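Structure first, commentary second.
As a basis for the values below, the full set of heavy atoms in this structure was taken, side chains included, without hydrogen atoms, waters or symmetry mates. Index from 1, following the sequence. Counting convention: from 1, in listed order, for ligands and their atoms alike. Everything numeric in this text was worked out from a predicted model, so none of it was measured.
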Amino acid sequence: MRFSPFVQRISGHGVAAWDIHHAAFDAQREGQDVIILSIGDPDFATPGFITDAAVAALRGGDTHYADLPGRPKLRQAIAARYSAKLGRPVAMDNVIAVAGAQNALFVASLCLLQAGDEVVVLDPMYVTYEATLKASGATVVRATCDADSGFRLNAANLQSAITERTRAIFLSNPNNPTGVVLNRDELQVIADLAIAHDLWVVVDEVYESLCYEREHQSLASLPGMETRCVVVGSLSKSHAMTGWRMGWLVGNADLIGHAENLSLSMLYGLPGFVMEGALAAVLAHDEVTQGMRDIYRRRCDLVVAKLSECPGIRVLRPDAGMFVLVDVRGTGLTSLDFAWRLYRETGVSVLDAAAFGEPAQGFVRLSFTLGEEKLVQACERIAGFCEKLA
Ligand SMILES: Cc1ncc(COP(=O)(O)O)c(C=O)c1O
């Protein structure tokens, strides 16, 4: 039987990147001694009051179809948070609740892009972007952020990636895997180019609450971004709610209307009880995220300090997020070989960061989504492995 070419577009390079993670996950299920640092799934439980709100809703019979773009009180709560964050009014009509940031990216891709378009991404980029963007039929053009500059924005590369076919720029800020948070000047470069070339900008801010150095500034807060900038957000990382599949798009009301039509044919809305939990989470955003940020910052310091002592590798301190990139070029191994040998010889699973883009060739990505004791153990195993290599 024949499939549509769509199936090729959604199966890509990014899918194979998870092989090492799946191997480690299976081994862990069989009771083997592995330490999984290959995924960004917070180890904390979702805060109890959020779960309680969802359970109460379930018990109260909230098990029917719910408002397609999300319950008004949830959309209003999200809008209120973004009004404060962006420093301009954001209304409920500018918000749609969807099934996680990943779903939001997919919806944006299908609503904004079509075959023949080009979409520029900052490279390295989160692994699922390639399939998500190609699903629309558009061609993905990568604007390199070089390892030598610490993977910061390269304005010249971004500018030269834009052609008359370009329709949009997609980026994550903070970035996964690099942990880079763009500063005001870098955001301005993107905003200026978007205005000059009349482009959409979709900015994925799932790690916004995990900025360690300074408060996160949204690209959408810059002048001229009101109608063309679309923000992707989620509770997955900020509230330890990856399994709830709860995220949103914030953007111009026309786009939100189209997204609602797409949601009708794809999801038929989100579960009401999930939205009740989400409402409790959004209303307590600062209280929840501050505690989590402090824990991640401590873990980040710990991992950076421990791995800084290892021979042959160099740790890049992230500005934000739950990952650290490690330059393994000094070991003489490719990052793929390093990741697989490390896993086979020590049971520690990390991701070959080259899966996120060529500029990250020679780097591996570790997550710090485990407690400090486990992280120390993992770092000791990595140190032993590096010493053996040296
Ligand atoms: C940059 C980025 N965007 C989106 C996602 C997906 O988030 P969600 O669970 O909200 O779909 C992830 C998950 O790792 C991510 O790192």
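The contact set between ligand 1 and Asn176, taken as ligand atoms under 4.0 Å from a residue heavy atom, comprises 1 (C), 15 (C), 16 (O). Residue Arg245 has at least one heavy-atom neighbour below 4.0 Å for each of these atoms of ligand 1: 8 (P), 9 (O), 11 (O). If you number the atoms of ligand 1 from 1 as listed, the ones under 4.0 Å from a heavy atom of Gly100 come out as 10 (O), 11 (O). Against a heavy-atom cut-off of under 4.0 Å, Val206 is close to the following atoms of ligand 1: 1 (C), 2 (C), 3 (N), 15 (C).
When heavy-atom distances to ligand 1 are checked against a 4.0 Å cut-off, Met246 has no atom that comes that close, whether in backbone or side chain.
Looking only at atom types and distance, the side chain of Glu118 has a donor-acceptor partner in the side chain of Thr163 under 3.5 Å away. In summary, the side chains of Gln102 and Thr128 do present a donor paired with an acceptor at a separation below 3.5 Å, with no hydrogens or angles considered.
Scanning the protein heavy atoms around atom 14 (O) of ligand 1, the nearest turns out to be Lys237 NZ, 2.7 Å. Remark: minimum distance from atom 3 (N) of ligand 1 to any protein heavy atom is reached at Asp204 OD2, 2.6 Å. Among protein heavy atoms, the minimum distance from atom 7 (O) of ligand 1 is reached at Ala101 CB, 3.7 Å. Closest to atom 5 (C) of ligand 1, if we only count protein heavy atoms, is Tyr126 CE2, 3.7 Å. Protein heavy atom closest to atom 9 (O) of ligand 1, with residue, atom name and distance, is Ser236 OG, 2.7 Å. Counting protein heavy atoms only, atom 6 (C) of ligand 1 is closest to Gln102 N, 4.0 Å.
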Could you walk me through whether Thr46 and Trp244 pass side chain to side chain donor-acceptor pair (under 3.5 Å), step by step?
CA-CA 9 Å; Thr46 299; Trp244 292 66; 3.1 Å; yes

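Distance alone, capped at 3.5 Å, is enough to place a donor-acceptor pair between the Glu186 side chain and the Asn183 backbone. Of the possible polar contacts, one joining the His216 side chain to the Asn173 backbone as a donor-acceptor pair under 3.5 Å is found.
In terms of polar-atom proximity, Asn103 is not counted as a contact of ligand 1, lacking any N or O under 3.5 Å from an N or O of the ligand. The shortest N/O to N/O separation between Tyr207 and ligand 1 falls below 3.5 Å.
In summary, Arg71 and Glu276 engage in a salt bridge, as defined by a charged side-chain N under 4.0 Å from a carboxylate O. A salt bridge links Arg152 with Asp319: the distance from a Lys NZ or Arg NE/NH1/NH2 to an Asp or Glu carboxylate oxygen falls below 4.0 Å.
In this structure, Arg365 satisfies the cation-pi test against Phe323, with its NZ or CZ atom closer than 6.0 Å to the six-membered ring centre and inside 45 degrees of the ring normal.
The minimum heavy-atom distance between Ser209 and Ser238, with the atom names listed, is OG-CB, 3.3 Å.
Checking Pro174, Ser234, Ala104, Ala99 against atom 10 (O) of ligand 1, the nearest heavy atom belongs to Ser234.
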